[in-house]
Amino acid sequence: MTCTWPNGTCQSYQQHHMAEDPWGRVWMHCEEGLTMTKASMARFMMFCLANKVEFGSIDAFGPDIRGCQVIAAIRIHPSLIEDFERETGGKLRKPPRAVLS
């Protein structure tokens, strides 16, 4: 396999990370509803771990401030999205797509 980084993605990345998930999960972003409190993070982690949700990235904006906003990129089965939003309070949306022309 050849890698053309930094001019683009390498074939290995495209093969392994852009492939369909064998369990039917999709990438979603949660940018509202999660806060850096024990209760919010416990609900989020418990739901994700119990339902085999894959973590992409989790970031806290202002981690030195209790209750700051937390955003996350997760891979979740579509049938679990409604349950996720109800149990965690977080709202999921499809990730943005960049189109280069």
Side-chain angles (χ1 to χ4, degrees):
M1 300 202 183
T2 61
C3 186
T4 59
W5 188 86
N7 300 321
T9 60
C10 67
Q11 292 174 357
S12 175
Y13 178 84
Q14 289 177 338
Q15 178 182 353
H16 292 85
H17 297 285
M18 304 302 267
E20 293 292 320
D21 184 64
W23 297 281
R25 299 175 300 179
V26 295
W27 282 107
M28 299 293 284
H29 284 191
C30 184
E31 295 176 344
E32 61 180 86
L34 298 178
T35 59
M36 200 166 98
T37 60
K38 289 179 184 177
S40 180
M41 290 296 93
R43 286 190 304 269
F44 172 72
M45 291 298 291
M46 292 293 290
F47 181 88
C48 291
L49 294 173
N51 292 288
K52 297 181 177 97
V53 173
E54 180 181 341
F55 299 104
S57 65
I58 303 170
D59 295 301
F61 289 94
D64 53 331
I65 302 169
R66 181 170 173 74
C68 70
Q69 178 185 10
V70 173
I71 65 166
I74 60 173
R75 187 159 23 185
I76 185 170
H77 194 275
S79 66
L80 294 171
I81 291 174
E82 204 172 291
D83 294 339
F84 175 90
E85 291 180 342
R86 184 180 58 254
E87 290 188 32
T88 67
K91 294 289 184 191
L92 292 173
R93 68 168 181 82
K94 291 184 179 179
R97 292 203 172 254
V99 178
L100 304 174
S101 2

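Nothing here was measured: the structure is a model prediction, and the numbers come from that model.
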K.L.:
How many angstroms lie between atom CG of L92 and atom CD of E82, to the nearest 0.5 angstrom?
P.N.:
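Answer for the CG-CD pair, L92 versus E82, is 11.5 Å.
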
K.L.:
Please find the pair of heavy atoms, one from P95 and one from H29, that lie closest to each other, and give the distance.
P.N.:
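P95 and H29 have their closest heavy atoms at CB-NE2, 3.4 Å.
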
K.L.:
Would you indicate whether the side-chain heavy atoms of M45 and F55 approach each other to under 4.5 Å?
P.N.:
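In contact.
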
K.L.:
Could you grab the distance from atom NZ of K52 to atom CD1 of I76, nearest 0.5 Å is fine?
P.N.:
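That separation rounds to 13.5 Å.
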
K.L.:
I need the L34 CG to M41 CE distance, nearest 0.5 Å.
P.N.:
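Taking CG in L34 and CE in M41, the distance rounds to 4.5 Å.
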
K.L.:
What is the distance from atom CE of M36 to atom CD1 of I58, rounded to the nearest 0.5 Å?
P.N.:
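Interatomic distance, M36 CE to I58 CD1, rounded to 0.5 Å: 12.0 Å.
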
K.L.:
Check E85 against G90 and note the closest heavy-atom contact, atom names and distance.
P.N.:
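Closest approach of E85 to G90: CG-O, 3.1 Å.
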
K.L.:
Would you call F44 and C30 a side-chain contact if the rule is heavy atoms closer than 4.5 Å?
P.N.:
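Not in contact.
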
K.L.:
One pair to check against side-chain contact (heavy atoms from CB on, under 4.5 Å): K94 and M28. What are the steps and the verdict?
P.N.:
CA-CA 5 Å; K94 291 184 179 179; M28 299 293 284; 4.0 Å; yes

K.L.:
State, yes or no, whether a side-chain contact exists between F84 and I74 at a heavy-atom distance under 4.5 Å.
P.N.:
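F84 vs I74: side chains touch.
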
K.L.:
Which atoms form the tightest heavy-atom contact between S40 and G33, and what is the distance?
P.N.:
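Answer, listing the atom of S40 first, then G33: OG-O, 4.3 Å.
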
K.L.:
How far does CG of N51 sit from CG of L80, to the nearest 0.5 angstrom?
P.N.:
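Spacing of CG (N51) from CG (L80) equals 5.0 Å.
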
K.L.:
Ignoring hydrogens and angles, tell me if any N or O in the side chain of E87 forms a donor-acceptor pair with the backbone of R43 under 3.5 Å.
P.N.:
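Between the backbone of R43 and the side chain of E87 there is no qualifying donor-acceptor contact (under 3.5 Å).
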
K.L.:
For the atom pair CZ (R25) and CZ (R75), what is the distance rounded to the nearest 0.5 Å?
P.N.:
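Interatomic distance, R25 CZ to R75 CZ, rounded to 0.5 Å: 5.5 Å.
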
